[in-house]
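These notes concern the structure reproduced below.
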Number of protein chains: 2
Amino acid sequence: MRLTTKGRFAVTAMLDIALYEADKPVTLAGISERQSISLSYLEQLFSRLRKQGLVSSVRGPGGGYRIAKAHHDISVSDIITAVDEQIDATQCGGNENCHDEGRCMTHELWASLNGKILEYLSGVSLADMVDMQRNKGAGTVVFSPKKCGSEATIAA
Amino acid sequence: MRLTTKGRFAVTAMLDIALYEADKPVTLAGISERQSISLSYLEQLFSRLRKQGLVSSVRGPGGGYRIAKAHHDISVSDIITAVDEQIDATQCGGNENCHDEGRCMTHELWASLNGKILEYLSGVSLADMVDMQRNKGAGTVVFSPKKCGSEATIAA
DNA sequence: TAATAACCTACTGTTTTAGTCAATTATTAT
DNA sequence: ATAATAATTGACTAAAACAGTAGGTTATTA
């Protein structure tokens, strides 16, 4: 998988909108200032976020961006995949470059890891992040994992 | 975190040794052939694996590499950190580049994800991989996670 | 009609990845 | 002794990805 500043900035920016959006949409210039992220870089990111339907835009003065869905319907993995365009740890996509028979020896390991990461990131929603941010300094916050006991089962 | 072919090749190579090591140590040339990994690239990787004490080397004819510890005492995360020299998803290491107050808004999220990944990768040992590889085609293999219900608890 | 702000495309410097190449050192078999 | 083997070391490199910059266009509102 790929976890870069692109994904990190995207999550930060989405959280920023979720926190500051009220009657008016939030401008990229505002996000840029508050989070110290380059405006042009934000534009690139939001081009993708908009195409994936995560945000909606309003042009002209007083315009900006809004979160396009309910906050608990957007997961961190949604945001990262929107800007990073792949969240895959296998690299041997479909038993391509493993010269022997089919998939490489460690294929199942990476596929399983991939599942773990995705399971976690898709279990944290924008709403969770907002709650966490608001409760900061107020004690302890717990990320709630969806369910328990989901072993990585591999069929040979 | 950083998950590249470097780490993948290292795990594959270690597994190869674990499978083929008997009375004789295993040569890099042999690994190179079986796993189609460049010999020179393997040399770089094993330089680090040796410095981390994961393998021991024997020079000269009949020489090669051996796994230096018990197979169940080497985890996948040990191997990856040995060659990749960082397994960190935060990037703001110690509240450096967050201009406001201390750590950035999403710091806890990445730290928590980091913990998840590390928890999983350190729970899979070389011995597990060997078992899995030997049991291949014999049905279903399950990676045993250490324990259950380990929520990501974040103190604000 | 002027300001605002999204939108789009192309370009760029730096770092990382994934190696290659060439030489050296230690060990064993002949 | 010496030749072959195999680890060990260090420097170098092409290509890709990352992290932006720059400059312009379009739509909307005051």
Give me the distances for all protein-to-nucleotides 12-16 of chain D N/O pairs that come in under 3.5 Å?
none

**Item:** Sugar-phosphate only, base, or nothing, as touched by Ser40(B) at under 4.0 Å among non-hydrogen atoms
**Value:** base

**Request:** Indicate, with a heavy-atom threshold strictly under 4.0 Å, whether Phe46(A) touches base, sugar-phosphate, or nothing.
**Result:** nothing

Between the protein and nucleotides 2-7 of chain D, which nitrogen or oxygen pairs come in under 3.5 angstrom?
residue : atom : partner  : partner atom : Å
dA7(D)  : OP1  : Leu28(B) : N            : 3.1

**Request:** Ignoring hydrogens and angles, state whether a donor on the side chain of Ser75(B) or Ser77(B) is under 3.5 Å from an acceptor on the partner side chain.
**Result:** yes

**Message:** Assess, by modelled atom type and distance only, whether the side chains of Ser32(A) and Tyr41(A) contain a donor and an acceptor separated by less than 3.5 Å.
**Reply:** no

How about [X] and [Y]: do any of their side-chain heavy atoms sit closer than 4.5 Å?
{"X": "Val55(A)", "Y": "Met14(A)", "value": "yes"}
{"X": "Arg50(A)", "Y": "Leu54(A)", "value": "no"}
{"X": "Phe46(A)", "Y": "Ile31(A)", "value": "yes"}
{"X": "Val83(B)", "Y": "Ile79(B)", "value": "no"}

For the pair made of [atom1] in [X] and [atom2] in [N], what is the distance, rounded to whole Å?
{"X": "Arg48(B)", "N": "dG10(D)", "atom1": "CZ", "atom2": "C1'", "answer": "13 Å"}
{"X": "Gln35(B)", "N": "dG19(C)", "atom1": "CD", "atom2": "P", "answer": "14 Å"}
{"X": "Leu49(A)", "N": "dA6(C)", "atom1": "CG", "atom2": "P", "answer": "13 Å"}
{"X": "Leu42(A)", "N": "dC7(C)", "atom1": "CG", "atom2": "P", "answer": "13 Å"}
{"X": "Tyr41(A)", "N": "dT12(C)", "atom1": "OH", "atom2": "P", "answer": "18 Å"}
{"X": "Lys6(B)", "N": "dG19(C)", "atom1": "NZ", "atom2": "C1'", "answer": "10 Å"}
{"X": "Lys24(A)", "N": "dA6(C)", "atom1": "NZ", "atom2": "P", "answer": "13 Å"}

**Message:** Donor-acceptor pair, distance only, cut-off 3.5 Å: does the side chain of Thr12(B) make one with the backbone of Arg8(B)?
**Reply:** yes

**Inter-end axis angle, the helix from dT1(C)-dA30(D) to dT30(C)-dA1(D), with every axis fitted to five base pairs (rounded, 10 degrees)** = 0°

**Asked** So does Thr5(A) get a side-chain nitrogen or oxygen closer than 4.0 Å to the phosphate oxygens (OP1/OP2) of dA19(D)?
**Response** yes

**Request:** Quick one: which residue pairs count as a ring-ring contact (aromatic ring centres under 6.0 Å, His included) with a foot in residues 12-33 of chain A, not counting sequence neighbours?
**Result:** none

For residues 57-69 of chain A, dump all side-chain donor-acceptor pairs below 3.5 Å to protein atoms at least two apart in sequence or in another chain.
residue  : atom : partner  : partner atom : Å
Arg66(A) : NH2  : Asp23(A) : O            : 3.0

**Request:** First locate atom OG1 of Thr106(A), then atom CE of Met132(B), and finally report the distance between them rounded to the nearest 0.5 Å.
**Result:** 8.0 Å

**Prompt:** Partners of Asp16(B) by salt bridge (Lys or Arg N to Asp or Glu O under 4.0 Å), sequence neighbours excluded?
**Reply:** Arg34(B)

